[in-house]
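Structure first, commentary second.
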Amino acid sequence: MYFGEPVAQTMFAMLNCIIATILWVFGAYGMGMGILSVLFFFWACTRTAVNFLYLSQWKNPHLDRAEVQKRAAMGIELTSKGKIVVNSAQKVAHKVRPADPGFES
């Protein structure tokens, strides 16, 4: 699973917290409350997933076509892995120290 996306990180963090809470409720309060907590968290996770789906499909009706295309192009540029890594490495490398004349990159 790719964890670089904020939505994936949020869902994974929520899942870890839920599992830990359910285990704690089973241990502290017994089988009845444990099953009740599983049902409650199942309902809450379903609602959260539905909300994420609704938000991911929403489109701003007030943007014109040129702005939508500009943002789509910017998204493609920002998500191209090699371009980000190369550009950021080049920017950081010259700030850290000057190039060593005996070192070839």
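No hydrogens, no waters, no symmetry mates; every other heavy atom, side chains included, goes into these values.
Residue L55 belongs to no hydrophobic cluster, having no ILVMFWY side-chain heavy atom closer than 4.5 Å to its own. Counting Ile, Leu, Val, Met, Phe, Trp and Tyr side chains that sit under 4.5 Å apart, directly or through other members, V50 shares a hydrophobic cluster with Y54.
A side-chain hydrogen bond (donor to acceptor under 3.5 Å, both in side chains) check over residues 57-70, counting only residues at least two apart or in different chains, returns the pairs E67-R71.
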Side-chain donor/acceptor pairs under 3.5 Å, residues 19-28, sequence neighbours excluded:
from	atom 1	to	atom 2	distance (Å)
T21	OG1	C17	O	2.8

Let me have the donor-acceptor pairs involving side chains of residues 34-46, under 3.5 Å, with sequence neighbours excluded, atom names and distances please.
from	atom 1	to	atom 2	distance (Å)
S37	OG	M33	O	3.4
S37	OG	G34	O	2.7
T46	OG1	F42	O	2.8

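Scanning for side-chain contact (heavy atoms from CB on, under 4.5 Å) contacts around T48 gives M11, M14, F52, with sequence neighbours left out.
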